[in-house]
Amino acid sequence: MVERKADPDEAWTAVDEYIVDRLIPDDPSHVRDANAAAGLPDIDVSIPQGKMLHLLARACGARRVLEIGTLGGYSTVWLARAVPADGAVVTLEIDPHHAEVARANLAAAMLADRVTVITGDAHASLAALTGAFDLVFIDADKPSNVAYFAEATRLSRPGTMIIIDNVVREGDVLDPTSDDPRVQGTRALFDAIAGEPRLSATAVQTVGAKKWDGFIVALVD
Ligand code: SAH
Ligand code: DHB
Ligand code: MG
């Protein structure tokens, strides 16, 4: 019998460590190290979540991937590893320092040839893009989630997978009176997807080193 940790967060982190130890020998840990050294916030996806994005992109046979919210490129590296050498990942980042760190991390990972980091407000960057992308990962400012989702569907084809991060927020998503614009942005996103008949969607809650949160996964029909 495994000893239970009193603190659930501690137990979730311990299980994440076990998952990484058994199943993920290929964590691009240099990206996490470089991000910490550069003072970036520790808000990238967890290691198991990063590999999940990678596996989903491979399962989709993704050749063109769009990411909104790069930070230091941790999730970007996982996604870029999933596309073929002549494939492409386009990732959008408003903060020039984050974008610079991400470009260096992608070069160190030998993936710069297939990734374009576009610096600037994603709203403007998206308006200049044309599709179709095979997979879209939305992980930037949460109040913009509805606008980003609309752009993701514009840039899609039937079969495009759209994944959105941080849609549970320790259960805060349940509070219709929340004064947190991130929660309101995510609730508006659920409403937008609920009203969109051309999509099949679910949300999956997650626990782990990044606490209790979740992803929306939607498929364009
Ligand atoms: N996907 C990353 C984490 C992204 S964190 C990973 O898992 O490794 C969210 C990022 O979105 C931050 O770097 C932030 O600067 C960026 N961001 C916030 N608002 C934005 C906007 N309007 N346009 C583009 N990027 C934005
Ligand atoms: C925040 C953003 C994220 O993308 C995330 O995964 C965790 C936290 C934030 O803005 O606080
Ligand atoms: Mg996130």
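Reckoned from all heavy atoms, side chains included, excluding hydrogens, waters and symmetry mates. In this chain, numbering begins with 1 at the start of the sequence shown. Each ligand, and each atom within it, is numbered from 1 in the order the structure gives.
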So for Leu40 against ligand 1, with non-hydrogen atoms under 4.0 Å, the contacting part is neither
Ligand 1 and His123, any nitrogen or oxygen pair closer than 3.5 angstrom?
no
Looking only at protein heavy atoms, which one is nearest to atom 23 (N) of ligand 1, and what is the separation?
Ala122 N, 2.9 Å
Does ligand 2 have a heavy atom under 4.0 Å from the side chain of Arg169, from its backbone, from both, or from neither?
side chain
Does atom CG of Asp86 have more than 12 heavy-atom neighbours from other groups under 6.0 Å away?
yes
Which atoms of ligand 2 are found less than 4.0 Å from any heavy atom of Asp165?
6 (O)
Please check if the number of heavy atoms outside Arg154 that lie under 6.0 Å from its CZ is greater than 12.
yes
Asn105/Tyr74 under side chain to side chain donor-acceptor pair (under 3.5 Å): CA gap, chis, key distance, verdict
CA-CA 8 Å; Asn105 286 334; Tyr74 181 72; over 6 Å; no
Strictly below 4.0 Å, N to O, side chains only: are Asp44 and Lys210 in salt-bridge contact?
yes
Only heavy atoms of Asp121, strictly under 4.0 Å: list the atoms of ligand 1 that pass.
21 (C), 22 (N), 23 (N)
Nearest heavy atom to atom 11 (O) of ligand 1, choosing from Ala140, Ala124, Ser125, belongs to Ala140
If you measure from the Lys or Arg side-chain nitrogens to the Asp or Glu carboxylate oxygens, is any gap between Arg157 and Asp134 under 4.0 Å?
yes
shortest atom 26 (C) of ligand 1-to-protein heavy-atom contact is with Ile94 CG2, 3.4 Å
Distance under 4.0 Å to a non-hydrogen atom of Gly120: what atoms of ligand 1 satisfy this?
23 (N), 24 (C)
For ligand 2, does Lys210 get within less than 4.0 Å through its side chain, its backbone, both, or neither, judged by non-hydrogen atoms?
neither
Once rounded to the nearest 0.5 Å, what's the spacing between atom CG of Leu23 and atom CD1 of Ile47?
12.0 Å
Can you name the closest pair of heavy atoms from Ile162 and Ala152 and give their distance?
CD1-CB, 3.9 Å
Does Pro41 come within less than 4.0 Å of ligand 1, judged by its heavy atoms?
no
Note: Asp16 and Pro48 closest approach over all heavy atoms is OD1-CG, 3.6 Å
What I want to check is whether the side chains of Ser75 and Glu67 have a donor and an acceptor closer together than 3.5 Å.
yes
Considering both backbone and side-chain atoms of Tyr148, is one of its nitrogen or oxygen atoms within less than 3.5 Å of a nitrogen or oxygen in ligand 1?
yes
Is any N or O atom of Ile43, backbone or side chain, closer than 3.5 Å to an N or O atom of ligand 1?
no
What is the name of the N/O/S atom of Asp139 that is nearest to the Mg ion (ligand 3)?
OD1
For ligand 1 and Val45, I'd like to know whether there is a polar contact (N/O to N/O, distance under 3.5 Å).
yes
Answer yes or no: are there more than 12 heavy-atom neighbours, outside Arg198 itself, under 6.0 Å from its atom CZ?
no
Which residue and atom name correspond to the protein heavy atom nearest atom 18 (C) of ligand 1, and how close is it?
Asp141 N, 3.8 Å
Quick one: closest heavy-atom pair of Asp139 and Lys142, and the distance?
OD1-NZ, 3.0 Å
Between Asp44 and ligand 1, is there a nitrogen or oxygen pair with a distance under 3.5 Å?
no
Does any donor atom in the side chain of Thr91 or Arg103 lie under 3.5 Å from an acceptor atom in the other side chain?
no
Among all protein heavy atoms, pick out the one at the shortest distance from atom 4 (O) of ligand 2; state its residue, atom name and that distance to 0.1 Å.
Asp139 OD1, 2.7 Å
How far is atom 10 (C) of ligand 1 from its nearest protein heavy atom, and which residue and atom name does that atom have?
Glu93 OE1, 3.6 Å
Using distance alone, decide if ligand 1 has a nitrogen or oxygen within less than 3.5 Å of any nitrogen or oxygen in Gly73.
no
Which residue and non-hydrogen atom of the protein lie closest to atom 9 (C) of ligand 1, and at what distance in Å?
Asp139 O, 3.2 Å
Option with minimal heavy-atom separation from atom 6 (C) of ligand 1, where the choices are Gly72, Ser75, Pro96
Ser75
Check: Asp180/Ser178 side-chain N/O donor and acceptor closer than 3.5 Å:
no
Taking only non-hydrogen atoms of His98 and a 4.0 Å limit, the atoms of ligand 1 in range are 12 (C), 13 (O), 15 (O)
Please give the atom name: the N, O or S atom of Asp165 nearest to the Mg ion (ligand 3).
OD2
Determine whether the side chain, the backbone, both or neither of Asn166 has a heavy atom under 4.0 Å from any heavy atom of ligand 2.
side chain
Before signing off on this row, confirm whether Ala140 and ligand 2 have an N or O atom pair separated by under 3.5 Å.
no
For atom 11 (O) of ligand 2, what is the nearest protein heavy atom, given as residue, atom name and distance?
Arg182 NH1, 3.2 Å
Does Asn166 bring an N, O or S atom to under 2.8 Å of the Mg ion (ligand 3)?
yes
Regarding Arg32 and Asp27, does a basic nitrogen lie under 4.0 Å from an acidic carboxylate oxygen?
yes
Which heavy-atom pair separates Val117 from Ala99 by the least distance, and what is that distance?
CG1-CB, 3.9 Å
With distance as the sole criterion, is a donor-acceptor pair present between the side chains of Ser144 and His123 under 3.5 Å?
yes
